[in-house]
Each structure stands twice: as C-alpha cells, then as structure tokens.
Engineer: 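Submitted below is the structure of interest, expressed as structure tokens.
Keep in mind the model is a prediction, meaning the values are calculated, not measured. Throughout, residue positions are numbered sequentially from 1 according to the sequence presented.
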Amino acid sequence: IMNLSHYELLEIPETATQEEIKQQYQKLLLLHHPDKSQHSLTNNSEDTKKDGKINQIIEAWKILKDPELRKIYDNKLKATKLKHDGLFNSEIDLDDMEYDQETNSYSIRCRCSGLYIITEENLDQGADIVGCTDCSLRIHVLYETISED
C-alpha cells in the first residue's frame, strides 16, 4: 500500500471538521471491517488486506480525533510536502506577479482562487517553488538574480 496521508486514507479533505472525520471513520470502519465482509469465509488474502486497511483507518482516527495530535500531524504533513520542492504544477514569471511593497512579496491568484505568495527573502534564499494558500498546487517562480557589484 502506498503511503497515503491520514486524510487520503479516510477520504476526507485536510480541512474536515471533527464531526466529518468521525462520520467518515465510522463509515469506513463498517465498510472495511473483516466481520462485515461478505467474503470473510472464502478469501483469506482479502481478509489480510482488510485487516491492514482497518488498522490504518484506526491509526488515522487516533491521530485526527485528538486536536493536539492532529496539529502535530498537520505540521509534519506540511513539512513533508515542502520537501518535495522538485514537484510543481506550472511556471510563472516573476514579472507576471503582483508586488506588495508593504510585505516585500509577490503574489498571483491560483485557479482555485487561493494565492501563491513568495517574499523577496524567499527568493534571496533561492526558494523558487511556492504552494497555493488554499489548495495543493505549486508553482515554480522564474526570475533572474541581479548581482549588486
């Protein structure tokens, strides 16, 4: 089984409420529980898969039902996503982005209506991949550095 996030495993968005998480957990528990399976008398390898799936569902629930554990998990998940800096959905030229003098940052709207925001400091540090504030899309910001001699 691929490494799915707890949210992907429970088939819910990362923005799901506690109630939505609980309802989905209970639904999946019933769906995947070995005792509820129609094949439980005939197919042992399917049972083994279901046992693994049910354990993953229970583990995801244990983390996501606790607000503190969920916060820690969300932070780790975000950090993991940021490590995949090589992956981006499109390239945007810095000149096409709007500059905000107050925050020394550039921004452009995502197709989901969220924003891609990158600061001058990010660019100075060589960071040129930025994620949308509202969805999982990422862009590669194209720019040239001007050396100050």
Side-chain angles (χ1 to χ4, degrees), residues 1-94 96-100 102-123 125-143:
I1 297 175
M2 283 177 47
N3 275 347
L4 297 175
S5 77
H6 291 333
Y7 297 102
E8 292 166 329
L9 194 66
L10 294 179
E11 301 165 19
I12 53 173
E14 291 179 23
T15 54
T17 64
Q18 286 300 119
E19 191 55 36
E20 290 168 329
I21 295 170
K22 183 178 180 180
Q23 288 173 356
Q24 185 64 5
Y25 165 70
Q26 290 170 337
K27 177 183 151 194
L28 290 173
L29 205 57
L30 287 173
L31 184 69
H32 294 284
H33 200 283
D35 294 345
K36 304 288 182 203
S37 171
Q38 297 169 351
H39 305 292
S40 62
L41 299 174
T42 56
N43 192 342
N44 285 338
S45 71
E46 276 301 309
D47 283 352
T48 308
K49 280 185 197 167
K50 277 196 182 263
D51 285 347
K53 179 85 169 179
I54 200 87
N55 290 338
Q56 288 178 321
I57 291 167
I58 291 167
E59 182 60 30
W61 166 245
K62 283 179 187 174
I63 301 289
L64 298 182
K65 75 176 180 180
D66 181 308
E68 277 304 304
L69 291 177
R70 181 178 181 184
K71 189 176 177 181
I72 293 166
Y73 177 78
D74 285 349
N75 287 338
K76 283 184 184 173
L77 192 63
K78 189 175 182 180
T80 302
K81 285 180 181 177
L82 289 174
K83 285 181 187 169
H84 297 292
D85 276 351
L87 304 173
F88 55 88
N89 302 85
S90 64
E91 294 182 327
I92 304 289
D93 197 299
L94 190 61
D96 295 333
M97 298 178 80
E98 197 173 303
Y99 183 69
D100 181 342
E102 264 181 49
T103 59
N104 292 330
S105 65
Y106 295 86
S107 64
I108 193 167
R109 284 250 170 250
C110 177
R111 64 182 181 214
C112 79
S113 297
L115 280 175
Y116 296 107
I117 302 169
I118 193 161
T119 64
E120 285 183 347
E121 187 179 345
N122 295 144
L123 295 169
Q125 294 170 347
D128 58 0
I129 306 254
V130 63
C132 174
T133 55
D134 292 352
C135 74
S136 62
L137 293 179
R138 298 161 60 83
I139 60 168
H140 179 213
V141 179
L142 303 174
Y143 66 100

Engineer: Could you tell me which residues satisfy side-chain hydrogen bond (donor to acceptor under 3.5 Å, both in side chains) with Glu59, sequence neighbours excluded, listed by chain and number?
Structural biologist: none
Engineer: Would you give the length of the straight line joining atom CG of Asp128 to atom CD1 of Ile118, rounded to the nearest 0.5 angstrom?
Structural biologist: 6.5 Å
Engineer: Is the number of heavy atoms from other residues, nucleotides or ligands under 6.0 Å of Glu121 CD greater than 12?
Structural biologist: no
Engineer: Taking all non-hydrogen atoms of both residues into account, name the closest pair between Ser113 and Arg109 and its distance.
Structural biologist: O-NH1, 2.7 Å
Engineer: Is a donor on one side and an acceptor on the other found under 3.5 Å between the side chain of Asp74 and the backbone of Lys71?
Structural biologist: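 Not a single qualifying donor-acceptor pair exists.
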Engineer: Nearest heavy-atom pair of Cys110 and Leu137: which atoms, and what distance?
Structural biologist: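 Shortest heavy-atom separation between Cys110 and Leu137 comes out as SG-CD1, 3.9 Å.
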Engineer: What residue among Gln26, Glu20, Gln18 forms side chain to side chain contact (heavy atoms under 4.5 Å, CB included) with Lys22?
Structural biologist: Gln26
Engineer: Could you tell me the separation between the NZ atom of Lys27 and the CD atom of Gln24, rounded to the nearest 0.5 Å?
Structural biologist: 4.5 Å
Engineer: Rounded to the nearest 0.5 Å, what separates atom OH in Tyr99 from atom OG in Ser105?
Structural biologist: 7.5 Å
Engineer: For Arg70 and Glu14, which heavy atoms make the closest approach, and how far apart are they?
Structural biologist: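 Residues Arg70 and Glu14, closest heavy atoms: NH2-O, 3.0 Å.
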Engineer: Run the side chain to side chain contact (heavy atoms under 4.5 Å, CB included) test on Ile12 and His6 for me, step by step, so that the C-alpha distance in whole Å, both residues' side-chain angles and the decisive distance to 0.1 Å come before the verdict.
Structural biologist: CA-CA 9 Å; Ile12 53 173; His6 291 333; over 6 Å; no
Engineer: If you compare all heavy atoms of Ile117 against all heavy atoms of Val130, which two are closest, and at what distance to 0.1 Å?
Structural biologist: O-CG2, 2.9 Å
Engineer: Side chains of Asp96 and Tyr106: is there a donor and an acceptor less than 3.5 Å apart?
Structural biologist: no
Engineer: For the CG atom of Asp134 and the CG atom of Leu115, what is their distance to the nearest 0.5 Å?
Structural biologist: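 It comes to 7.5 Å.
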Engineer: Work out which heavy atom in Ile58 is nearest to a heavy atom in Leu29; give both atom names and the distance.
Structural biologist: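 Heavy atoms of Ile58 and Leu29 come nearest at CG1-CD1, 4.1 Å.
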Engineer: Heavy-atom count check: over 12 atoms from other residues, nucleotides or ligands less than 6.0 Å from Glu8 CD?
Structural biologist: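 Atom CD in Glu8 is packed in, count exceeds 12.
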Engineer: Okay, side chain of Glu120, backbone of Asn104: is any donor-acceptor separation there less than 3.5 Å?
Structural biologist: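 No: the side chain of Glu120 does not pair with the backbone of Asn104.
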Engineer: How far does CG of Leu64 sit from OH of Tyr25, to the nearest 0.5 angstrom?
Structural biologist: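 Going from CG on Leu64 over to OH on Tyr25, the span is 11.5 Å.
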Engineer: Which pair of heavy atoms, one from Tyr116 and one from Ile139, lies closest together, and at what distance?
Structural biologist: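 Looks like CZ-CG2, 3.4 Å.
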Engineer: Could you grab the distance from atom CD of Glu11 to atom CG of Leu28, nearest 0.5 Å is fine?
Structural biologist: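 That separation rounds to 5.0 Å.
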